Amino acid sequence: MPVSLTDTRSAELYRRALELLPGGVNSPVRAMRAIGRDPIFVERGAGAELFDVDGNRFIDYVCSWGPLIHGHAHPRVLAAVIAAAERGTSFGAPTTGEVDLAAEVSRRMESVDMLRMTSSGTEATMTAVRLARAATGRERIIKFAGAYHGHVDGLLAQAGSGLATQALPSSPGVPATAAAATTIVPWNDPDALLGATESGEPLAAILAEPFPANMGLVPPREGFLELLRARADATGALLVLDEVISGFRVARGGAQELTGVQADLTVMGKVIGGGLPAGAVGGRSELMRMLAPAGEVYQAGTLSGNPLAVAAGLATLALLDDAAYLRLASFTDDLAAGLREAAGDRAVQVVSAPGLLTVFFSETPVNDLAGAEACDREAYAMWCRELLSRGVYAPASQFEAWFPSLAHTPEQLDLTVSAAAAAFAELT
Ligand SMILES: *Cc1c(COP(=O)(O)O)cnc(C)c1O
């Protein structure tokens, strides 16, 4: 089912949107510029399927970039949201659901005793960094090249030249001073991490995605997360793990359960809101009690712990039992194996973790941002456009992960693998 790029309703809507929304979208990757095409306007989703405004149908591997671990419009999640909405959409006062959700998260994550909810992952990382600075009385933080923690000023920073470097703003409008307290270290590079933690200003936090998935999926090498924990302990810094993507996805208790490396503060988002706006930061009681009004570190939000988002999150987590994680892991493995086979002897690396996958157009394994950036992005773009034209909605960027869900079926897997093989065949 070919996706025509002109004279479609999507094209018409995009022309209108370009006059009203910067770049025609409310978040950049949706514009599909990295694969050299115009965006697809969505009409609705059901299970693992997406329907656009032109009546095209796709198998969706974006799933809202992570929140929809049960696919679109799961009946249980919908029912919970509708029931909550009928009781009122927001109160600006505490509700039962928030306490239940905090209890559920705490049961799943050993390192989390208490939770503060936000409306997005960005706010949650911002809060975690503020809390880490308040707790340590220090300012400098380490983040890894290629990791994304939301559009927080000091975290929208990129490395200068060299191994571990003082960060430069990576967007106009970010003050040099905000980026200056950030040190950027290449992912999976123990020597660079040692260098950055053995000298320089005292460290407030080491901030990491335990399974980085914003440069494509680049899992930690053996021992690397353990080294982060050890360096945080040795320097008196806090280890802040951003589990916005990995949390409740790679395992019941996220990457911390999978790897055994525990954080001081954990940042959550995406799955915790079940497709509604939500994020959270969690940790030990003595740290979390530093937040106002228990403590003096200010943090607030009109819609934080919103009843609809909390209901969606609780319903989403309730469906995520051990059997669900086994199923998600096995579907992801099968998808990865199918895509590897479809690629034949082409120069691609298929990397996966439960519920996450990336097809890197690279001859060699990708271990860091430099490796991801060395990929043949033109080839990915063309492959991705070919997938779209065959009804497979893969992330429109080499640097974004696929999000297989529990709604994907074996038939959809077969269709995906055939479409992938045909799309590979189009690349010369
Ligand atoms: C998406 C994401 C964020 C930001 O979450 P938003 O809800 O988009 O603000 C933070 N960290 C990671 C790892 C993410 O993938």
Side-chain angles (χ1 to χ4, degrees), residues 25-31 61-69 109 115-132 141-157 170-171 182 184 187 205-220 225 228 239-250 254-256 258-259 263 265-282 299 301 303-306 308-310 312-313 316 353 355-358 369 372 395-403 405:
V25 293
N26 275 311
S27 196
V29 73
R30 300 175 194 174
Y61 288 100
V62 172
C63 288
S64 188
W65 305 101
L68 302 181
I69 199 163
M109 291 193 170
L115 203 66
R116 168 60 55 92
M117 290 200 70
T118 61
S119 296
S120 67
T122 296
E123 288 168 86
T125 46
M126 194 178 78
T127 303
V129 168
R130 184 177 302 149
L131 194 49
I141 57 173
I142 281 179
K143 94 170 260 293
F144 293 91
Y148 177 68
H149 304 290
H151 59 102
V152 180
D153 269 354
L155 303 177
L156 274 187
S170 64
S171 162
T182 307
I184 309 283
W187 180 245
I206 300 175
L207 171 60
E209 284 181 77
F211 277 73
N214 286 289
M215 50 178 150
L217 176 65
V218 186
L225 289 179
L228 301 193
L239 178 60
V240 180
L241 291 182
D242 179 347
E243 295 230 42
V244 169
I245 282 181
S246 56
F248 318 116
R249 173 171 289 276
V250 298
Q256 294 175 65
L258 206 62
T259 64
L265 290 173
T266 301
V267 181
M268 290 159 256
K270 299 193 169 120
V271 170
I272 201 178
L276 274 81
V281 51
Q299 198 282 339
L303 292 177
S304 294
N306 173 262
L308 271 55
V310 164
T316 294
L356 288 170
L357 180 148
T358 294
L369 181 62
S397 163
Q398 174 71 92
F399 303 127
E400 304 284 353
W402 295 42
F403 292 97
S405 80

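From a predicted model like this one, the values you see are computed outputs, not experimental measurements. For ligands, and for the atoms within them, numbers begin at 1 and follow the listed sequence.
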* **For Gly121, the ligand 1 atoms whose distance to one of its heavy atoms is below 4.0 Å** => 4 (C), 5 (O), 6 (P), 7 (O), 9 (O)

* Asked: Are Gln299 and Arg130 close enough that a side-chain donor and a side-chain acceptor fall under 3.5 Å?
  -> no

* For the pair Trp65 and Phe403, name the ring-plane relationship: parallel under 30°, tilted 30 to 60°, perpendicular over 60°. => perpendicular

* Any idea which atoms of ligand 1 are less than 4.0 Å away from a heavy-atom of Glu209? -> 13 (C)

* Kindly compute the distance separating OG1 (Thr182) from CD1 (Ile141), expressed to the nearest 0.5 Å. => 4.0 Å

* To do: Determine, using heavy atoms of Thr125 and all atoms of ligand 1, whether some pair is separated by less than 4.0 Å.
  => no

* Does ligand 1 have any atom that is closer than 4.0 Å to a heavy atom of Lys270? -> yes

* Asp242 heavy atoms, cut-off 4.0 Å: which ligand 1 atoms fall inside? -> 10 (C), 11 (N), 12 (C), 13 (C)

* Location of contacts on Thr122 toward ligand 1, heavy atoms closer than 4.0 Å -> both

* To do: Would you kindly specify which portion of His149 sits under 4.0 Å from ligand 1, judged on non-hydrogen atoms: side chain, backbone, both or neither?
  => backbone

* **Ser246 OG to Leu241 CG distance, which is reported to the nearest 0.5 Å** => 8.0 Å

* Structure fact -> So the atoms of ligand 1 within less than 4.0 Å of a heavy atom of Ser120 turn out to be 7 (O), 9 (O)

* To do: Enumerate the atoms of ligand 1 whose separation from the nearest heavy atom of Ile245 is less than 4.0 angstrom.
  => 15 (O)

* Asked: At what distance, to the nearest 0.5 angstrom, does CE of Met215 lie from OH of Tyr148?
  -> 14.5 Å

* Structure fact -> In terms of heavy-atom contacts, Ala128 and Val281 come closest through CB-CG2, 3.9 Å

* Structure fact -> CZ (Phe211) and CD1 (Ile245) are apart, to the nearest 0.5 Å, by 12.5 Å

